[in-house]
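Keep in mind that the numbers below use all heavy atoms, side chains included, and drop hydrogens, waters and symmetry copies. Order of appearance sets the numbers: ligands from 1, and atoms from 1 within every ligand.
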Amino acid sequence: MVIAINDMVPGPPINVCVNDVIVVEVRNKIPDQDVTIHWHGISQKGTPHMDGVPMVTQCPIAYGTSYKYAFIASSPGTFFYHADSVSHQSDGVYGSLIVNQPQPQEVHAALYDYDRSVENTFVIGAQFPALLSANLEDVAQLPPNSLVINGDDENFKYVL
Ligand SMILES: [Cu+2]
């Protein structure tokens with residue numbers, strides 16, 4: 001079992017150019033649980049309320065409500081996004097976030113002809129026998145079954 005984003009684990013890849021504005025509306029459909037999303041690698045200069053840390057930078061997004069994140073992809077890099085909660089991360093709430101830069105500024109540009117980061121992105125996660133967020137008291141008894149690369153759409157049940 002997983003918690004999917006838009007029916008996907010990992011969630012939809014985000015591929016943008018540096019200084020693009022990323023806008024994501026998170027609608028929490030996880031019954032009886034709060035969630036926030038952290039944009040790992042984004043500095044959030046000027047937008048600390050978009051950093052996704054519940055009770056620190058924002059109120060948690062309660063079940064049945066939504067929150068719109070909007071921030072500038074201010075620096076290039078290979079990043080990812082994930083639920084702030086480790087149990088939700090383990091349940092599948094994560095995805096890739098790649099901020100590209102113009103070719104003249106790419107220091108490794110001479111090493112390749114084409115940027116294939118979109119089709120060659122690998123997101124590695126773990127697959128657990130049950131939702132960790134629904135079994136917090138038994139987490140120590142729920143080791144992962146396996147690692148998964150770019151998800152495993154054969155063996156999981158969508159929750160959302
Ligand atoms: Cu992070």
Report task. Look at the side chain of Asp91 and the backbone N and O of Leu132, then say whether any donor-acceptor pair between them is shorter than 3.5 Å. Result -> yes

Query - Side-chain donor/acceptor of Asn28 to backbone N/O of Gly64, under 3.5 Å - result: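 Flag not set: sc Asn28 to bb Gly64 has no pair under 3.5 Å.
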
Query - Criterion side chain to side chain contact (heavy atoms under 4.5 Å, CB included) on Val24 and Phe71, from CA distance to verdict - result: CA-CA 9 Å; Val24 175; Phe71 53 89; 5.7 Å; no

Requested in this report: With side chain to side chain contact (heavy atoms under 4.5 Å, CB included) as the test, would you mind laying out the steps for Ile37 and Ile61 before giving the verdict?
Outcome: CA-CA 9 Å; Ile37 302 295; Ile61 307 167; 5.7 Å; no

Query - Other cluster members, Val21 - Ile/Leu/Val/Met/Phe/Trp/Tyr, side-chain contacts below 4.5 Å - result: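 Besides Val21, the cluster holds Val23, Ile72.
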
Report task. Please check if the distance between the ring centroids of Tyr81 and Phe79 is under 6.0 Å. Result -> no

Report task. Anything protein N/O/S under 2.8 Å from the Cu ion (ligand 1)? Just list residue and atom, please. Result -> His40 ND1, His82 NE2

